[in-house]
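Scroll down for the structure; my scribbles are underneath it.
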Amino acid sequence: MAARRTQADEAREAVVEAALARLDLDAKARLLSGQDMWTLPALPGIGLKSLVMSDGPIGVRGVRWTSDDPSVALPSPTALAATWDPALARRAGTLLAQEARRKGVHVLLAPTVNLHRSPLGGRHFEAYSEDPYLTGTIGAAYVSGVQAGGVGTTVKHFVANDAETDRFTVDNTVSERALRELYLAPFEIIVENAHPWGIMTAYNTVNGTTMTEHHHLVNEVLRGEWGFDGFNVSDWMAARSTAGAIEGGLDVAMPGPRTVYGEPLARAVRNGEVAEDKVDDAVRNVLRLAARVGILDGAEPAVTDLPETVDGRDLAREIARRSFVLVRNDGALPLRPNGTVALIGAAARDARVLGGGSATVFPAGVVSPLDGLTAALPDGTLTYAVGADPNTELAVADKGFELRAVCRDAAGDVIGTGSAPNGHIQWMGSDLPEGVTHEALHSVELTGTFTPRDTGAHTFGIKGIGGFRLVIDGTTYYDDVQRPAKDDPFITFFGAPVPRAQPELTAGTPVEVSLTHLVEFPEDVPMKVVGFTLAHQEPQRAPDELIAEAVEAARTADTAVVVVATTDRVESEGFDRTDLRLPGRQDELVRAVAAANPNTVVVVNSGSPVELPWRADVAAVLLSWFPGQEGGAALADVLTGTHEPGGRLPTTWGSLADAPVTEVVPTSGALSYTEGVFIGYRAWEKHGRAPSYPFGHGLGYTDWTYESAEVKGSTVTVRVRNSGGRAGREVVQVYLAPSEPDADRPARWLAGFAAVEAGPGERGEAVVELPRRAFEVWDEKTNAWTFVKGSYEIQVGRSIADRRVTATINV
Ligand code: BGC
């Protein structure tokens with residue numbers, strides 16, 4: 001239910017009503033339609049400034065898609081959830097609000113609170129967990145943090161956008177019970193506890209109605225039952241019909257300038273298709289948001305006292321080490337002081353710190369594992385070998401490239417020059433280099449030098465649609481037109497680059513590179529975008545040679561640390577995975593290194609689960625997610641033991657063959673959630689399958705003894721003792737299990753958690769309030785929540801599989 005309105009809310013509401021009354025239909029319709037990729041139009045007549053939105057969720061990119069204006073990059077959302085720490089999530093929000101304000105952004109397009117239904121979901125890294133309670137709790141804290149900094153959020157993607165395949169069209173058929181108990185639940189928790197100022201409706205359809213037109217879920221459930229009073233923005237290009245969207249409760253259609261709102265909406269009102277009060281409702285929601293973020297004259301912003309400034313680098317490092325999940329350790333970690341370390345893996349040098357797609361931000365600097373360990377270990381104790389390179393495809397030209405973007409008109413005259421921090425150009429809407437207009441722009445040349453790191457055959461490629469000419473060191477390798485095979489408006493961003501040249505180059509000797517693109521602005525695309533990529537791949541050394549070199553390094557070191565990773569062609573927005581294997585020959589590398597050195601520690605650098613077939617043969621396995629810009633520094637903290645790894649799995653890790661729910665590919669346009677309420681650990685338990693590592697699992701550097709659990713009313717008090725040799729932090733997890741098993745309900749589910757910090761030998765107490773909802777199920781006959789009376793066992797422990805103490809509650 002909605003929070004009671006304060007006096008300040010009432011005052012803002014009065015300003016909103018007065019502003020609304022002064023707008024004519026055309027201005028109202030215009031306000032509901034994006035004016036470009038990220039903003040709404042200003043309406044100076046009522047003292048309204050232009051509202052600026054930006055992705056989200058691990059940083060604030062701002063309105064430009066380049067590293068010219070860098071952003072702090074925090075660890076991936078899966079990592080944030082792995083901290084199981086709402087207070088830390090709130091601090092992440094505080095930092096992001098600060099970043100947003102610095103960049104003139106009023107609304108952050110985050111958090112993503114869809115669920116990890118299938119491990120194949122390509123955007124898994126960008127969501128929190130398979131569990132709705134953990135997702136909602138972390139999400140609510142994040143939203144509170146951002147909004148306490150005076151910046152709005154759009155909780156997304158409402159709802160059931162849990163996979164990427166055919167995401168614009170897929171009809172997800174989901175029972176009302178599964179919707180309520182799983183997919184809607186995080187949104188409900190966040191609306192109830194954090195009062196978000198916005199929501200983003202998804203691309204997909206749910207039970208036959210596309211989400212930007214879903215009257216039932218938006219108007220009846222979200223606004224009606226839950227009392228949401230924020231604005232509802234479409235996912236980018238998700239709004240398809242004028243009347244359908246406005247009737248379905250969509251307030252704003254993004255991006256612009258051509259959307260189903262604006263002129264078409266004014267016309268629909270004039271010809272009687274849409275009632276003007278529907279438009280007024282939407283405008284009211286937008287003006288309320290504007291008032292809250294302080295861009296409507298006369299309205300006091302929701303936040304006038306800003307929180308203290310947060311140091312972004314420190315926070316990124318803290319979240320990273322608190323998120324790392326040590327799933328196995330036979331004593332190899334922390335590293336022995338002054339021991340020698342053989343660091344191995346392509347991602348140890350070229351770290352993968354964030355996931356691909358709209359979640360991309362451009363940090364000012366990245367600390368790789370190699371950088372982090374070089375700084376932390378004594379001189380002469382660290383060696384590095386690539387071992388295996390999972391980047392079997394070309395990546396955005398970056399290291400060694402010095403580029404700029406030269407814009408020309410049809411006569412070939414230079415009309416402007418833009419910066420190009422790497423080989424990816426993405427200019428959306430009015431975001432063009434100074435002096436350049438879409439009308440005059442004919443070609444963009446990415447030009448500059450490349451200084452190779454290695455000698456050999458370097459591969460260059462092109463991603464993008466239209467005419468291209470690629471010239472390297474005076475030789476023209478390609479001069480033709482590229483056309484996409486797939487019909488996705490975002491293909492320029494998510495498609496694969498095509499290899500077009502393979503010159504032999506010499507390490508340290510710079511060559512001239514030039515990629516010219518003839519720009520096109522197709523009529524059917526609502527926004528003008530200049531987007532293309534110069535891609536590159538280092539010379540490929542013989543894989544056997546790379547592995548042999550790594551094995552040799554491992555053999556002579558005290559410890560081998562192998563960093564294995566996914567690539568942006570494996571995990572990204574825009575597509576799903578087809579398997580959970582580590583790409584390239586990384587599994588083989590780990591096996592070979594482990595055979596040479598019993599002290600092999602594997603660091604898994606992926607945003608979501610991958611299979612670890614060698615896990616029993618190595619000394620330790622540490623999951624580092626996409627660890628954000630300070631990942632390598634945090635890794636050094638944890639490996640050397642200045643800090644313990646603090647993470648617990650927010651999602652079950654297991655093999656694809658064993659995973660009970662995997663399907664992400666629709667059949668005849670529909671994806672049926674036939675498993676009902678059984679996803680994640682609920683499904684693994686129902687099917688009696690043992691995953692590699694269960695939900696909630698994660699080791700620190702000390703031991704914990706669970707002494708007792710007591711329940712009084714709905715309060716559970718758990719006493720634990722740090723029975724190990726150093727201070728630590730334990731995440732005490734409380735699961736609720738019906739005493740009489742019921743095939744319709746999971747065997748147990750997460751009902752609460754709390755952390756205890758204690759020194760060696762010290763005791764601590766975790767106090768957990770059981771929410772009423774933990775005892776309820778959605779009854780499809782009465783269409784209401786039903787409190788299920790009876791006896792439940794409260795099972796408390798270190799993971800869903802490692803339950804240490806119990807208590808009984810009768811309700
Ligand atoms: C994504 C959203 C994102 C939007 C704007 C969409 O493709 O699904 O999460 O906020 O683009 O970048």
Side-chain angles (χ1 to χ4, degrees), residues 34-40 51-66 71 76-77 96 100 103 105-115 121-128 139 142-143 146 151-170 172 186-187 196 198-205 210-212 231-240 250 252-256 259 354-362 424 426-429 431 486 488-495 525-527 529 531 571-576 607:
Q35 70 175 351
D36 54 26
M37 189 67 179
W38 307 114
T39 72
L40 296 186
L51 181 99
V52 181
M53 299 172 246
S54 170
D55 292 303
I58 59 139
V60 185
R61 192 173 52 243
V63 295
R64 310 212 45 207
W65 195 279
T66 79
S71 319
S76 57
L96 295 169
K103 292 189 169 220
V105 167
H106 308 113
V107 175
L108 184 65
L109 303 172
T112 302
V113 300
N114 300 116
L115 294 184
R123 238 176 145 171
H124 216 94
F125 69 88
E126 206 190 307
Y128 292 127
Y142 175 104
V143 166
V146 176
V151 172
T153 54
T154 62
V155 189
K156 67 189 188 183
H157 311 83
F158 190 74
V159 63
N161 182 179
D162 309 297
E164 293 294 279
T165 307
D166 298 342
R167 62 179 173 154
F168 288 88
T169 52
V170 61
N172 293 323
F187 290 94
I199 197 120
M200 183 190 288
T201 33
Y203 291 125
N204 52 277
T205 290
T210 195
M211 277 313 304
T212 44
F231 91 127
N232 168 8
V233 63
S234 71
D235 198 346
W236 266 226
M237 291 167 61
R240 345 258 150 134
L250 182 76
V252 169
M254 286 298 289
T259 74
L354 47 79
S358 62
T360 304
V361 298
F362 301 90
H424 183 55
Q426 189 161 313
W427 299 332
M428 310 206 242
D431 174 23
K486 205 175 144 208
D488 179 325
F490 292 122
I491 193 81
T492 328
F493 313 139
F494 303 131
V525 176
M527 154 173 303
V529 176
E571 276 186 88
S572 171
E573 178 179 337
F575 51 85
D576 292 313

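Numbering of ligands and ligand atoms starts at 1, following listing order. The structure displayed is predicted, hence computed values, not measured ones.
Take Ser54 and apply the side-chain hydrogen bond (donor to acceptor under 3.5 Å, both in side chains) test, not counting sequence neighbours, and it matches no residue. Partners of Thr154 according to the side-chain hydrogen bond (donor to acceptor under 3.5 Å, both in side chains) rule, which considers only residues two or more places apart in sequence or in another chain, do not exist here.
Atom CG of residue Leu96 and atom OG1 of residue Thr153 lie 11.0 Å apart, to the nearest 0.5 angstrom.
Thr39 and Met254 get closest at one heavy-atom pair: N-CE, 3.8 Å.
Those atoms of ligand 1 with a heavy atom of Asp235 less than 4.0 angstrom away are 1 (C), 2 (C), 3 (C), 4 (C), 6 (C), 7 (O), 8 (O), 11 (O). Per-residue contacts place Arg167 under 4.0 angstrom from the following atoms of ligand 1 (heavy atoms of the residue considered): 7 (O), 8 (O). Close contacts of ligand 1 with Met200, meaning ligand atoms under 4.0 Å from a residue heavy atom, involve 10 (O). In summary, the atoms of ligand 1 found under 4.0 Å from a heavy atom of Lys156, numbered by their order in the structure, are 2 (C), 3 (C), 9 (O), 10 (O).
Across Tyr203, Trp38, Phe168, heavy-atom proximity to atom 7 (O) of ligand 1 is greatest for Tyr203.
The residue Met237 has no part lying near ligand 1, judged by heavy-atom distances below 4.0 Å. Contacts between Arg123 and ligand 1, counted as non-hydrogen atom pairs separated by less than 4.0 Å, involve the side chain only.
With no hydrogens or angles considered, no side-chain donor-acceptor pair links Asp166 and Thr169 at under 3.5 Å.
Taking a 4.0 Å cut-off on heavy atoms, Glu573 registers as neighbouring ligand 1.
Of the options Val146, Val105, Asp55, a side-chain contact (heavy atoms from CB on, under 4.5 Å) to Val60 is made by Val105 and by none of the others.
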